Q: 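Mind looking over this structure? Questions follow.
Quick caveat, the model's predicted, so the values are computed rather than measured. Throughout, a chain's letter reflects where its sequence line sits, starting with A, and its residues are numbered from 1.
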Amino acid sequence: DTAVSQTPKYLVTQMGNDKSIKCEQNLGHDTMYWYKQDSKKFLKIMFSYNNKELIINETVPNRFSPKSPDKAHLNLHINSLELGDSAVYFCASSQDGERPLHFGNGTRLTVT
Amino acid sequence: EDQVTQSPEALRLQEGESSSLNCSYTVSGLRGLFWYRQDPGKGPEFLFTLYSAGEEKEKERLKATLTKKESFLHITAPKPEDSATYLCAVQANGSEKLVFGKGTKLTVNP
């Protein structure tokens with residue numbers, strides 16, 4: 001059973017389009033995150049949600065909007081995609097925000 | 001600002017050749033230091049959490065240690081299956097986010 005699952009695994013789209021990435025965790029954790037890993041493999045936090053409430057919102061363009069319908073799901077919607085948005089996006093979860101993060105296998109977004 | 005620097009960026013070892021990876025950090029009050037392993041095309045996989053200077057943890061051929069300024073991941077008699085990128089991250093007191101280093105890409109040749 002996959003603990004943190006993301007879909008799709010690959011996403012290729014053109015500039016200006018709007019796309020969504022879905023994430024689900026079956027660990028019963030109450031905190032979920034989105035991290036971005038750029039071409040230099042640098043992993044940086046974007047957002048975190050605790051029980052559907054936004055806790056962390058790093059300096060991310062407002063074209064990125066997370067949505068948490070329940071504490072097991074955290075989706076990422078991106079409007080007006082730009083070339084610089086190309087990266088691997090990882091969803092993660094943890095219990096209480098203090099325990100180790102469990103990561104999904106990532107969504108590789110390519111904007112052409 | 002919290003910061004993590006890992007060295008070397010890449011390391012090639014022969015099977016059985018022990019070595020260490022370094023993680024230097026600056027943080028405004030350390031809640032925890034984390035080591036993760038990342039294989040190509042996969043998400044980071046948790047290895048260890050260290051909370052205070054002097055703490056050590058072991059798992060198979062890996063041993064992580066912590067001082068007030070840095071952490072080391074010692075790899076004893078590595079095998080080719082230990083090849084991966086090893087990521088270090090810190091979490092500050094009162095924060096829920098992890099700040100990651102850029103990782104060390106380890107290649108173990110048979």
Q: Run the side-chain contact (heavy atoms from CB on, under 4.5 Å) check on B/Y36 and A/L43 step by step: do they pass?
A: CA-CA 12 Å; B/Y36 284 83; A/L43 200 60; over 6 Å; no

Q: Is there a chain of hydrophobic side chains (I, L, V, M, F, W, Y, each step under 4.5 Å between heavy atoms) that links B/Y86 to B/V4?
A: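 Same hydrophobic cluster.
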
Q: Would you name the heavy atoms of B/G43 and A/N105 that are closest together and state the gap between them?
A: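 Closest pair (atom of B/G43, atom of A/N105, distance): N-OD1, 3.2 Å.
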
Q: Measure distances from A/K9 to the heavy atoms of chain B and classify the residue's part below 4.5 Å as side chain, backbone, both or neither.
A: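 Just its side chain gets close to chain B.
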
Q: Give a yes or no on this: more than 12 heavy atoms of other residues, nucleotides or ligands lie within 6.0 Å of atom CD of B/Q3.
A: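 Check fails, neighbour count at 12 or below.
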
Q: Please check if atom CZ in B/R12 has more than 12 non-hydrogen atoms from other residues, nucleotides or ligands closer than 6.0 Å.
A: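 At most 12 heavy atoms, drawn from other residues, nucleotides or ligands, come within 6.0 Å of this atom.
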
Q: Check the surroundings of atom NZ in B/K57: do more than 12 heavy atoms from other residues, nucleotides or ligands lie under 6.0 Å from it?
A: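 Above 12, so yes.
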
Q: Given heavy-atom pairs under 4.5 angstrom as the criterion, report whether the side chain, backbone, both or neither of B/E45 touches chain A.
A: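 Answer is neither: B/E45 stays 4.5 Å or more from chain A.
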
Q: Compute the ring centroids of B/F46 and A/F103, then answer whether they are less than 6.0 Å apart.
A: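 Distance test on ring centres: not under 6.0 Å, no.
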
Q: In residues 73-83 of chain B, which residues are in contact with chain A at a heavy-atom separation under 4.5 Å?
A: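 The list, in residue order, is empty: none.
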
Q: Quick check on B/E9: does its CD atom have over 12 non-hydrogen neighbours (other residues, nucleotides or ligands) under 6.0 Å away?
A: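 No - once you tally the heavy atoms of other residues, nucleotides and ligands closer than 6.0 Å, there are 12 at most.
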
Q: Are more than 12 heavy atoms from other residues, nucleotides or ligands located less than 6.0 Å from atom CZ of B/R37?
A: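 Check passes, neighbour count above 12.
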
Q: With hydrophobic residues grouped by side-chain heavy-atom distances under 4.5 Å, do A/L54 and A/V60 end up in a single group?
A: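 Both belong to a single hydrophobic cluster.
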
Q: Can you tell which part of A/Q6 gets under 4.5 Å to a heavy atom of chain B, answering side chain, backbone, both or neither?
A: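 Neither part; nothing is under 4.5 Å.
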
Q: With no hydrogens and no angle check, is any side-chain donor or acceptor of B/K97 less than 3.5 Å from a backbone partner on A/F47?
A: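 Flag not set: sc B/K97 to bb A/F47 has no pair under 3.5 Å.
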
Q: Please answer: with hydrophobic residues joined when any side-chain heavy atoms are less than 4.5 Å apart, are A/Y49 and A/M46 in the same cluster?
A: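 Cluster IDs for A/Y49 and A/M46 match.
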
Q: Looking at every heavy atom in both B/E96 and A/S48, which two are closest together, and how far apart are they?
A: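 Here B/E96 and A/S48 meet closest at OE1-OG, 4.2 Å.
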
Q: Tell me whether A/V12 shares a hydrophobic cluster with A/L83, the cluster being built from Ile, Leu, Val, Met, Phe, Trp, Tyr side chains joined at under 4.5 Å.
A: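 No, it is not one cluster - the side chains of A/V12 and A/L83 are not joined through contacts under 4.5 Å.
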
Q: Based on non-hydrogen pairs under 4.5 Å, which of A/I56, A/I45, A/L101, A/I55 is most in contact with chain B?
A: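 The residue among A/I56, A/I45, A/L101, A/I55 with the greatest pair count is A/L101.
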
Q: Taking A/Y33 for its side chain and B/L98 for its backbone only, find out whether a donor-acceptor pair lies under 3.5 Å.
A: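 Absent.
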
Q: Are B/L30 and B/L47 in one and the same hydrophobic cluster, where Ile, Leu, Val, Met, Phe, Trp and Tyr link if side-chain heavy atoms are under 4.5 Å apart?
A: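 Yes; B/L47 is reachable from B/L30 via cluster members.
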
Q: Should we say atom CD of A/E53 is surrounded by more than 12 heavy atoms from elsewhere, each under 6.0 Å from it?
A: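 Atom CD in A/E53 is not packed in, count stays at 12 or less.
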
Q: Are side-chain heavy atoms of B/P44 and A/F90 found at a separation under 4.5 Å?
A: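 Yes; the side chains approach each other to less than 4.5 Å.
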
